[in-house]
Each structure stands twice: as structure tokens, then as C-alpha cells.
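In what follows, chains carry the letters A, B, and so on, assigned in the order in which the sequence lines appear, proteins first and then strands, with residues in each chain numbered from 1.
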Amino acid sequence: MPLCIATWNINSVRLRLPIVEKFLREHQPDLLCLQETKCPDDLFPVEAFHALGYPFVAISGQKGYHGVATISRRPVEVTEKREFCRKGDCRHIATRFQAGDRSVLLHNFYVPAGGDEPDPEINPKFRHKLDFIEEMRDVAAAREGADASILVGDLNIAPLVEDVWSHKQLLKVVSHTPVETEGLESMRVGGGWQDLMRIHTPPPEKIYTWWSYRARDWEATDRGRRLDHVWSSENLVESLRGIEVLKEARGWERPSDHVPVIARFALD
DNA sequence: ATGGTAGGACGCCTA
């Protein structure tokens, strides 16, 4: 069985437990990285994951907002829960697991959305987002103590022209402004990270992983953005066997506004 | 040009 890793901004893990269970039953990834769990650690539905065959549940949650979790069928060790920008937010958890003869470090990120106004001088939430991306430069693909690295999550930025439904109309919309897209790409390349979704599906093909709740008919208008990402160190690129964006999940009962992204590798 | 929906927690912030 190839190694299978999924990432999904779930927008409340407790409210959406039924569709998380459906996803795990139908796709059975080895690891599932969730963002926006909106759940304090002592209320996290750990037992539901155990019952589905996922004994390892690594969580970093807080009340009401944010929160990440990495759920696994194979043993994982939590290596870091990093606090970014001194905000006390739970937006990162790093775990390590074995894949074949390699020790793989897996970063699960939830980058701040950044508010509505794309001006860091008047919008502190946008300032925070830009600062967060800068601080992410510390997280490089090459790390001592690991043979390979994977970085997944809701990065809340659609970097490429083909990552949004209209490049022109979104240039001044937070998630696709040049300061964000250039900052993220610079951080990614500087850190030695490979964009696996775009290696598998290069431009000009469009990729979206998020469709707003505010659209009347998300499917007909198809005004999506690629906000969720799967990156790896260069030494995993040759093992990549596929990327799947599970668009159908946007139409499930009480859906998240994000859909799961699944990456498969030729590794045990 | 504007406002549209959703979740947590219960007035209003965040996405």
C-alpha cells in the first residue's frame, strides 16, 4: 500500500465529525491533517478516530478558533507545536513517522486568513498574515533528525494565476495579492520545498480547493481558489504517485468550504 | 458596488 496523506480544513471537527468519518472510511489515508478544528484538546473526539482505526491523534487546539490535528494509522511522534507571531494561536503541529527506511517530518499548518483589507498599515490581521509567512522561513525542508519533510495545510494563499477563478479580479483580494503570493513562493523556494500539487498538475490547468459559503451556487459559478497545499522536500518528488482534490466533498451534507487534498507516495 | 454564508458561543468575532 502506498503512503497516503490527506489535508483538510474542516471548519469545526465536532460539527463535521460525520463527514470526517465518511472520508476516512472511503479513502483510508494513512495520515489526515486537519485545520480549523475549533476544539479545545479536552473536547477533541479522539475516540471516534480510534474506532475508525486511527490510534494516533496529535492535537493542538484552542477554544473557538483555529486549531490543528494530525490523525494517523501509523505511529507518530509529536516533535513540535510552534507558536508563531507570539499570538498564542494553535496553527502548527509537526509530527514524525517512518515510511520505509525514512524518518519523515510532517508539518501541519493553518496560516491566518488575513481579514478583508490588504493593507498591513491599517489591517492588523493582514500584518499578522505577512509576519506569519516571514516566520515560516524558519521551517525548511531539510531538517536534522529527519530524512525527508512534508508540509501541508490551509495556507490561505492562492499563489498562481491558475489557482484562482479570476486572476485579474482577485489581485486586490486577500489570498491572491502580490505581496502574499510572492511572499509565499519566496518562502517556499527559499526553504527548499516542492509544490507537489503543481508538479502533478501543472498550469495552465486550474486547481481549486476552496469555494466560498457566500456563493449562491458554488458549483455552477465555480469561483474557487487553491488555498490548501502539499509540499515536500525534493527527495520525495520521485516517490509522488498522485494528487487528488476531492471536489465532491464540497457538496456533502453540511460541508466545509474547503475540500480534502490527498497525496500518494510509493513508500511503505 | 454591495453583500452574500457559516461556526463558536451567546454578543460579536473570525473566516
Nearest-angstrom distance from the residue atom [atom1] of [X] to [atom2] of [N]:
X: A/K87; N: B/dT14; atom1: NZ; atom2: P; result: 9 Å
X: A/H176; N: B/dA15; atom1: NE2; atom2: P; result: 20 Å
X: A/I10; N: B/dA15; atom1: CD1; atom2: P; result: 18 Å
X: A/Y65; N: B/dG8; atom1: OH; atom2: P; result: 11 Å
X: A/H66; N: B/dT14; atom1: NE2; atom2: C1'; result: 8 Å
X: A/L15; N: B/dT5; atom1: CG; atom2: C1'; result: 14 Å
X: A/N9; N: B/dT5; atom1: CG; atom2: P; result: 20 Å
X: A/D89; N: B/dC13; atom1: CG; atom2: C1'; result: 13 Å

*asked:* Any non-hydrogen side-chain atom of A/F97 less than 4.5 Å from a side-chain atom of A/L106?
replied: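 Contact flag for A/F97/A/L106 side chains = yes.
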*How about A/M136 and A/F84: do any of their side-chain heavy atoms sit closer than 4.5 Å?*
yes
*Which residue, A/F109, A/Y110, A/F132, forms the ring pair (Phe, Tyr, Trp, His ring centres under 6.0 Å) with A/H92?*
A/F109
_Taking the nucleotide of DNA chain B with the nearest heavy atom to each, does A/V13 or A/Y213 sit closer to the 5' end?_
A/Y213
*First of A/R254 and A/H258 reached from the 5' end of DNA chain B, by closest nucleotide*: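 Here A/R254 is the residue nearer the 5' end.
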Whole-angstrom distance between [N] and [M], as gauged at atom [atom1]:
N: B/dG4; M: B/dA15; atom1: C1'; answer: 14 Å
N: B/dA6; M: B/dT2; atom1: P; answer: 23 Å
N: B/dG3; M: B/dG7; atom1: P; answer: 22 Å

_A/W210 CH2 to A/R226 CZ distance, which is reported to the nearest 0.5 Å_ =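 Separation between the atoms: 15.0 Å.
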_Show me the pairs that pass salt bridge (Lys or Arg N to Asp or Glu O under 4.0 Å) and involve residues 128-142 of chain A, at least two apart or across chains._
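Sorted pair list: A/R82-A/E135, A/R82-A/D138, A/R127-A/D131, A/K129-A/E180, A/E134-A/R137.
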*In residues 32-44 of chain A, which residues come under 4.0 Å of DNA chain B by heavy atom?*
A/E36, A/K38
*Within residues 109-125 of chain A, find the residues that approach DNA chain B with a heavy atom at under 4.0 Å, and present them sorted by residue number.*
A/Y110, A/A113, A/K125
*With a 3.5 Å cut-off and just heavy-atom distances, do the side chain of A/R214 and the base of B/dA15 make a donor-acceptor pair?*
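Such a pair is found, so the answer is yes.
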Take atom [atom1] in [X]; do more than 12 heavy atoms of anything else shown fall under 6.0 Å from it?
X: A/E238; atom1: CD; answer: no
X: A/D42; atom1: CG; answer: yes
X: A/E248; atom1: CD; answer: yes

*Base, sugar-phosphate alone, or nothing: which one does A/R223 contact when heavy atoms must sit under 4.0 Å apart?*
nothing
*Would you indicate what A/R250 reaches in the nucleic acid, counting non-hydrogen atoms under 4.0 angstrom: base, sugar-phosphate, or nothing?*
nothing
*asked:* For a quick test of reading the model: is some side-chain N or O of A/R16 closer than 4.0 Å to OP1 or OP2 of B/dG7?
replied: yes
*If we ignore angles and hydrogens, is there a donor and acceptor under 3.5 Å between the side chains of A/S175 and A/R225?*
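Indeed, the side chains of A/S175 and A/R225 share at least one donor-acceptor pair under 3.5 Å.
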*Between A/R198, A/K206, A/H176, A/H229, which is the residue that forms a side-chain hydrogen bond (donor to acceptor under 3.5 Å, both in side chains) with A/D163?*
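When side-chain hydrogen bond (donor to acceptor under 3.5 Å, both in side chains) is applied between A/D163 and each of A/R198, A/K206, A/H176, A/H229, only A/R198 qualifies.
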